[in-house]
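Here's the structure, in structure tokens; my notes come after.
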Number of protein chains: 2
Amino acid sequence: MQLPDAYSANCPTRMVLDRIADKWAVLLLGLLAREPMRFNRLRREVEGLSQKMLAQTLRSLERDGLVSRSAFATVPVTVEYAITPLGRTLADTVDALRVWAESHMPEVTANQLRYDAEKAAA
Amino acid sequence: MQLPDAYSANCPTRMVLDRIADKWAVLLLGLLAREPMRFNRLRREVEGLSQKMLAQTLRSLERDGLVSRSAFATVPVTVEYAITPLGRTLADTVDALRVWAESHMPEVTANQLRYDAEKAAA
DNA sequence: CTGAATCCTACCGGATACTG
DNA sequence: CAGTATCCGGTAGGATTCAG
């Protein structure tokens with residue numbers, strides 16, 4: 001059976017989704033879109049983000065060329081992360097999601113409450 | 001420095017991300033944005049989507065009011081899923097991601113190859 | 001300070017079987 | 001056809017420890 005390209009296993013849509021699906025990546029990209037930051041600063045900014053996931057996520061963002069890493073030979077070492085031009089284009093696109101969220105989340109929440117109430121009634 | 005609301009644990013941005021992070025949800029929303037479909041049709045359209053995840057994802061989409069479910073008392077029963085107006089606004093927003101993917105994924109892939117090559121060299 | 005490595009657990013999600 | 005229930009393995013990811 002042949003599937004439409006748009007929904008086969010390795011279409012562009014899926015590939016970008018696998019990246020966006022990483023919520024830490026999106027959050028970090030959003031932060032770095034504002035200003036460059038260092039490792040522990042990022043760690044403190046994002047609530048609930050473990051050190052392991054931070055390192056791991058920064059690695060993949062760097063690999064994708066969405067974020068750049070600069071190390072300075074101070075003592076102790078200083079490392080700064082910054083968004084790249086490519087990263088910025090994605091951040092801008094993703095920002096549309098934030099806008100959607102802010103204007104529609106109340107409605108979604110209301111829907112959930114209603115759904116749960118109807119469920120409980122049955 | 002006080003954490004910006006945007007990155008605390010339950011901000012709107014995070015909530016929408018938790019939804020977008022579910023790639024099956026996004027894929028289904030995209031399909032239903034085109035035309036209403038029945039359960040097994042959706043199952044056939046999306047490669048690699050298990051029956052369990054399909055049912056589960058449809059439940060949560062319905063709960064959020066992004067998709068509507070209509071059952072018809074035929075024999076055997078017929079159930080049709082359709083996108084709601086609210087769902088359509090999200091689908092449109094998410095579509096921007098697809099556009100980004102199609103124009104920038106080649107560059108990302110190139111970056112990955114270069115990163116891996118430099119890594120291997122070291 | 002910026003990580004990498006190890007361990008360990010919770011949960012995601014696939015396979016299978018059963019029901020209205 | 002449209003699901004739900006159960007089992008169960010793989011893995012994401014947290015906690016902890018160590019290193020440059």
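First the proteins, then the strands, lettered A, B, ... as listed; each starts at 1.
- In this structure, the CE atom of A:Met53 is 15 Å from the P atom of C:dG3, given to the nearest Å.
- On a pure distance criterion of 3.5 Å, a polar donor-acceptor pair joins the side chain of A:Gln51 and the base of C:dG3.
- Side chains of B:Leu31 and B:Ile83 form no contact here, defined as non-hydrogen atoms less than 4.5 Å apart.
- Nucleotide D:dT16 holds its C1' atom 17 Å from the CG atom of A:Leu54, rounded to whole Å.
- Considering only side-chain atoms of A:Pro76, the nucleotide from C:dG3, D:dC1, C:dC1 that sits closest is C:dC1.
- Taking atom CZ of residue B:Phe39 and atom C1' of nucleotide C:dT19, one finds them 14 Å apart after rounding to whole Å.
- Rounded to whole angstrom, the span from the CG atom of A:Leu49 across to the P atom of C:dT2 amounts to 14 Å.
- Across all strands, A:Arg43 comes closer than 4.0 Å to no nucleic acid atom at all (heavy-atom distances).
- OP1 or OP2 of D:dG3 sits under 4.0 Å from a side-chain N or O of B:Arg69.
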Atom pairs and distances, donor-acceptor, side-chain atoms in residues 50-58 of chain B, under 3.5 Å, two or more places apart:
unit_1: B:Ser50; atom_1: OG; unit_2: B:Met53; atom_2: N; d: 3.2
unit_1: B:Thr57; atom_1: OG1; unit_2: B:Met53; atom_2: O; d: 2.6

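- Hydrophobic cluster membership is shared by B:Val67 and B:Val79, with clusters built from Ile, Leu, Val, Met, Phe, Trp and Tyr side chains linked at under 4.5 angstrom.
- Within the structure, a side-chain polar atom (N or O) of B:Arg38 is placed less than 4.0 Å from OP1 or OP2 of D:dA2.
- Checking the phosphate oxygens (OP1, OP2) of C:dT2, no side-chain nitrogen or oxygen of A:Arg41 falls inside 4.0 Å.
- In the set C:dG3, D:dA15, D:dC7, D:dA15 carries the atom at the smallest distance from any side-chain atom of A:Lys52.
- When distances are taken from the side chain of B:Val77 to each of D:dG14, D:dC1, C:dC1, the shortest belongs to D:dC1.
- Between A:Phe72 atom CZ and C:dT2 atom P the separation is 12 Å, expressed in whole Å.
- Rounded to an integer number of Å, the gap from CH2 of B:Trp24 to C1' of C:dG14 is 11 Å.
- Every residue was checked against the side chain to side chain donor-acceptor pair (under 3.5 Å) condition with A:Asp22, not counting sequence neighbours, and none meets it.
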Can you check salt bridge (charged side-chain N to carboxylate O under 4.0 Å, His left out) on A:Glu35 and A:Arg41, steps first, answer last?
-> CA-CA 11 Å; A:Glu35 57 173 331; A:Arg41 171 78 188 285; 3.6 Å; yes

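- The distance from atom CZ of B:Arg59 to atom P of D:dA2 is 11 Å, rounded to the nearest whole Å.
- For B:Tyr81 and D:dC1, the shortest distance from a side-chain N or O to OP1 or OP2 is not below 4.0 Å.
- Atom pair B:Glu47:CD and C:dG14:C1' shows a separation of 15 Å (rounding to whole Å applied).
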